[in-house]
Amino acid sequence: MGITFQRIEMFKQNELNPQQKEAVEYKDGPLLIMAGAGSGKTRVITYRIAYLIGEYGIKPWSILGVTFTNKAASEMQQRVARLLHRKINDIMIRTFHSVCLRILRIEAAHIKLPSHFTIVDEEDKKSILKNIIDESEMDREIYNPKKIGEQISRWKSYEFTPEIEIQSTYEKEMFEIYRNYENYKKRTDCLDFDDLLLKTVELFKKEKTVLEKYRKKWQYILVDEFQDTNHIQYEFTRLLGEKHTNVCVVGDEDQSIYSWRGATPENFFRFQKDFPGFKIIKLEQNYRSTQNILDSATAVISNNIKRSDKKLWGTKGKGDYLRLYKFDQSRDEAEFVIREILNLVHRQDYQYNDIAIFYRTNYLSRSFEISCKGYHIPYVIIGGVRFFERKEIKDILAYLKLIANREDEVSLQRIINIPSRGIGTTTLNRLKDYAFENKVSLFKALLTSNKIEGVKKNIQEKIRSFVDLIQSISQDLKNLKLSEFVLFLIEETGYADYLKNFSPEEFESRRGNISELIQDIREREKKDPSLGLENYLEEASLQTSIDEWDSQDQTISLMTLHNAKGLEFKVVFIVGMQDGVFPHHRNLNEDPEDLEEERRLFYVGLTRARERIYTSYSVIRNFFQQNIPSEMSRFLEELPEDKLEFFDQSTLGKHSYSTMRFY
DNA sequence: CACCTATACGTTTTT
DNA sequence: CGTATAGGTG
């Protein structure tokens, strides 16, 4: 039989160690895989899925795989397809958010939600909150939209709702804002990222028949990066899995780096409680890094008190020493790193895509970007401003979102006067007041603007022509492919001229981004000729920066340590290693757990490297154009000295580490 | 209402 | 330093 042949082939091509084999072949019941860094975790998951299908005859569509990024999901899908020699588009391997979105689109009616709801991103969320705070006349000093947004997010990830009793006036007002925010979204048929998870869990708890339907559908569940799941994600997993208990979770508590987003390794314990009879398999064989890297990473992480004892066995030779460089200024650091990269590529056998630069915070990318440009090194920055967050892209998307959902007030507000149509803030506020008082949507208010007091005839005319524009282009959506429609829309709205006027200097790059958007739509149309507006908007709103990245491209990669999770490179530079930057000053507090999370982040960074690690810092840090003296990161002192070479490139304070020089 | 200028303010990490 | 907002003028 073909099935047996596949199995033999699978194991021959890429042999698995006994623990990996056990994890792959384990069929029914709860399974907890503790997978150390570089222990072949992805291989185990993909083999396991392939094995369930190929060996146990499980139907592809009864498997649910949950990952953290779309990229990890599609990679996994491809690898499974390769193992089984067939196209597999019927396995659901997606992110939590994407799976929940799928469910909600279908089941929305059960929780009194129209199925065409739109998704608000972080920027939209902030602007909604800002409006609410402004209207409530609260002090913006204390009530800053970003902070409140984070707080709301935290509440929601714990299934906390505004109905809960609260004491202090501050909390009361926070809840008031929260409640208004929730009402606003309800009124405008919007959901934020947290809602996707929260509403799905709510739906499962309320509608048992719906829950049963999905329990029946997904007989086998796998969750990747389990250490970074939060309460609500755990609930989702538990609800779906507790009946058949075929739930496999994979993670590494040493790589838990999202506690600030509500993630908790506590879920490992909850899993063990909620799924009795579970099996634990530990993957401790590291196939990625040299022994020196492994020993250094182990030495660092062993400073954490809160961790269960776990070992990593290396499979490679000792390899190079780790390197530690000290500089005067950030720009010296950037200059060195880039020259060293040139050296690695031209004098040694490395390619650009073997190399990555990691930093703690996004703003550190700037000096390295400048140096890359100066030396003509091809680079990509992962993170920072994402493609779908760029102004021009968001404008176009706002038009599309409004066409998909007329109630979407955020999008309407964004583009009602872009390009400028003479509908300014005063008019907009009148319209909003009218909409609010008469309990209609903002778009409805536009339709009846002649009834609104204080809106002059000429302005009514302007509003009418805007409404006509939206209505008439909406008609054309039916007759055009989406990519053609977007081109048409840009034409009809006069958006290109607007961009040119708005900023001639930036026009070229913005137009480039728009072409890229259209190209992206075309590519998706190629895969799925029936690609609709809603479908595309969905994918666009859940896309992350890492998803845009192609590891095959001949470029070096710059990213935050958080973005580095799950990746590997031959050479890794970890830069900006000053106390206060890394560990970040906000996590240098009384709470030792915050520091431990920073340390895990360092551990993640170190364990991404296969062959070589450079760490570096400068004694003068440029911050807001100020020069701030800074100390070497305390984490660097945790690296074992006998596996480290120290290079003092600094002309200031030479005395300090000169005795460590030994190369 | 649109446009220009002054000033305040901020950068942790992100699905 | 760069961006985002406020405040004033045409």
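Here is the naming used below: chain letters follow the sequence lines, and residue numbers restart at 1 for every chain. Quick caveat, the model's predicted, so the values are computed rather than measured. Only heavy atoms go into these numbers, but all of them, side chains included; no hydrogens, no water, no symmetry mates.
- Look at the C1' atom in both C:dA4 and B:dT13: the space between them is 23 Å, to the nearest Å.
- Both A:Asn587 and A:Ile423 lie near DNA chain B, and the one whose nearest nucleotide falls closer to the 5' end is A:Ile423.
- Between A:Thr426 and B:dC1 there is a side-chain N or O to OP1 or OP2 distance below 4.0 Å.
- Distance CG (A:Leu558) to P (B:dT13): 15 Å, rounded to an integer number of Å.
- Separating the NZ atom of A:Lys126 from the P atom of C:dT3 is a distance of 14 Å, rounded to the nearest angstrom.
- Within the nucleic acid shown, A:Glu597 has no heavy atom closer than 4.0 Å to any nucleic acid atom.
- Rounded to whole Å, atom P of B:dC3 lies 14 Å from atom CZ of A:Arg421.
- For the side chain to side chain contact (heavy atoms under 4.5 Å, CB included) with A:Ile357, the qualifying choice from A:Val572, A:Leu364, A:Ile574, A:Val575 is A:Val575, the only one to do so.
- Taking atom CG on A:Leu561 and atom P on B:dT13, their separation rounds to 11 Å, with Å as the unit.
- Phosphate proximity of B:dT15 to A:Thr95: absent, as no side-chain N or O sits under 4.0 Å from OP1 or OP2.
- Summarising the geometry, the separation between CD on A:Gln255 and P on B:dT13 is reported as 20 Å, rounded to the nearest angstrom.
- More than 12 non-hydrogen atoms from other residues, nucleotides or ligands lie less than 6.0 angstrom from CZ of A:Arg307.
- Contact check for A:Asn587 versus A:Trp260: no side-chain heavy atoms found under the 4.5 Å cut-off.
- Rounding to whole angstrom units, CG of residue A:Asn458 and C1' of B:dC1 are separated by 11 Å.
- The shortest distance between the side-chain N/O atoms of A:Thr560 and the OP1/OP2 oxygens of B:dT14 is below 4.0 Å.
- If you take CD1 of A:Ile574 and P of B:dT13, they are 17 Å apart, rounded to a whole angstrom.
- For A:Arg331 and A:Phe368, the positive end is not near the middle of the six-membered ring at less than 6.0 Å and at most 45° from its axis.
- Across the protein-nucleic acid pair, A:Tyr363 atom OH and B:dT13 atom P stand 10 Å apart, rounded to whole Å.
- The ring of A:Trp260 does not lie on top of the base of B:dT12; it is either too far (5.5 Å or more) or too tilted (30° or more).
- Distances shown here put a side-chain N or O of A:Asn563 below 4.0 Å from the OP1 or OP2 atom of B:dT14.
- The side chain of A:Asn417 places an N or O atom within less than 4.0 Å of a non-bridging phosphate oxygen (OP1 or OP2) of B:dA2.
- A distance cut-off of 5.5 Å between ring centres, combined with a plane angle under 30°, leaves A:His562 outside any stacking arrangement with the base of B:dT13.
- As judged by a 4.0 angstrom heavy-atom cut-off over every strand, A:Tyr258 is placed among residues touching the sugar-phosphate backbone only.
- One can find a donor-acceptor pair under 3.5 Å joining the base of B:dT13 and the side-chain atoms of A:Arg360.
- Counting atom types as modelled, A:His584 pairs no side-chain N or O with a base atom of B:dT12 as donor and acceptor under 3.5 Å.
- Both cation-pi conditions hold for A:Lys185 and A:Tyr181: the charged atom is under 6.0 angstrom from the six-membered ring centre and inside a 45 degree cone around its axis.
- Relative to the ring axis of A:Phe602, A:Arg599 does not place its NZ or CZ within 45° and under 6.0 Å from the centre.
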